[in-house]
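Here the structure comes first, spelled out in structure tokens, and everything after it is commentary.
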Amino acid sequence: MGRLFVESLEGRIYSCKHCRTHIALYDDIVSKSFHCRHGKAYLFKKVVNVFAGEKEERMMITGLHTVADIFCVGCGSIVGWKYETAHEKSQKYKEGKSVLERFKVSGPDGSFYWANHEHHHIGGSDADDV
């Protein structure tokens, strides 16, 4: 398979809750107003140590988007998704950015976000701030 290169971050770090691989910095958060099946999710302008799955069209609360699930390079766990294309003009700001599901990552203080079973969005998940 080859040698795995993992980037280490400094500062307030979000990491994979399973293997603690660094994924993003607090300073790279664009929005904390996103939601997913498990509750809260944050939009980041930059993430590291992830790989993308297959691109697919997903209907979300704010319209149709082309997205790819993103996975931790350390353990292969799904941690969120990346916006490849936003089909609505008002959603173009999301392109190239990634969403991390808070349920799947640990926060800068080492805390975990526990799933909120009251949130069950049908047809995908997305921001509620638009």
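Below, each value reflects all heavy atoms present in this structure, side chains not excepted, and no hydrogens, waters or symmetry copies.
Other residues, nucleotides and ligands contribute at most 12 non-hydrogen atoms within 6.0 Å of the OH atom of Y26. Applying the 6.0 Å contact sphere to CD of E7 captures more than 12 heavy atoms from other residues, nucleotides or ligands.
At least one side-chain heavy atom of Y14 sits less than 4.5 Å from a side-chain heavy atom of R102. Between S106 and R20, the closest side-chain pair of non-hydrogen atoms falls below 4.5 Å. For the pair L64 and E57, the minimum side-chain heavy-atom distance is below 4.5 Å. Counting only heavy atoms from C-beta outward, the side chains of V79 and V50 approach each other to under 4.5 Å. Side-chain atoms of E101 and W81, non-hydrogen and from C-beta on, do get closer than 4.5 Å to each other. Between V30 and F44, every side-chain heavy-atom pair lies at or beyond the 4.5 Å cut-off. A heavy-atom distance below 4.5 Å is not found between the side chains of F5 and V73. Between V67 and M60, some side-chain heavy-atom pair lies under the 4.5 Å cut-off.
Here the closest non-hydrogen pair linking G53 and A68 is O-CB, 3.6 Å. Across every non-hydrogen atom of I23 and L9, the tightest pair is C-CD1, 4.0 Å.
Residues satisfying the salt bridge (Lys or Arg N to Asp or Glu O under 4.0 Å) test with E56, not counting sequence neighbours, are R58. Residues satisfying the salt bridge (Lys or Arg N to Asp or Glu O under 4.0 Å) criterion with K32, sequence neighbours excluded, are absent altogether.
Note: E54 CD to D69 CG = 10.5 Å, rounded to the nearest 0.5 Å. Rounding to the nearest 0.5 Å gives a distance of 11.0 Å between CG of L100 and CD1 of I78. Here NE2 of H87 is found 11.0 Å from OG1 of T62. Values are rounded to the nearest 0.5 Å. Interatomic distance, C72 SG to K17 NZ, rounded to the nearest 0.5 Å: 12.5 Å. Taking CD1 of I13 as the start and NE2 of H22 as the end, the distance is 4.0 Å to the nearest 0.5 Å. From K104, atom NZ reaches atom CZ of F71 across 9.0 Å, with rounding to the nearest 0.5 Å.
A donor-acceptor pair shorter than 3.5 Å cannot be found between the side chains of K46 and S98. Side-chain atoms of T21 and S15 form no donor-acceptor pair, as typed in the model, at a separation below 3.5 Å. Side-chain atoms of E88 and H65 include no donor-acceptor pair closer than 3.5 Å.
Tracing side-chain contacts under 4.5 Å through hydrophobic residues (I, L, V, M, F, W, Y), one never reaches F51 starting from V48; they form parts of separate clusters.
Between the side chain of K92 and the backbone N or O of A86 there is at least one donor-acceptor pair closer than 3.5 Å.
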Inset, instruction - For side-chain contact (heavy atoms from CB on, under 4.5 Å), just list the numbers for Y83 and T66, CA-CA rounded to whole Å, side-chain angles, deciding distance to a tenth of an Å, and then say yes or no. - result: CA-CA 6 Å; Y83 286 102; T66 304; over 6 Å; no
Inset, instruction - Determine, step by step, whether F103 and K40 satisfy the side-chain contact (heavy atoms from CB on, under 4.5 Å) criterion, reporting the C-alpha distance in whole Å, the side-chain angles of both residues, the deciding distance to 0.1 Å, and the verdict. - result: CA-CA 7 Å; F103 177 67; K40 290 185 177 187; over 6 Å; no
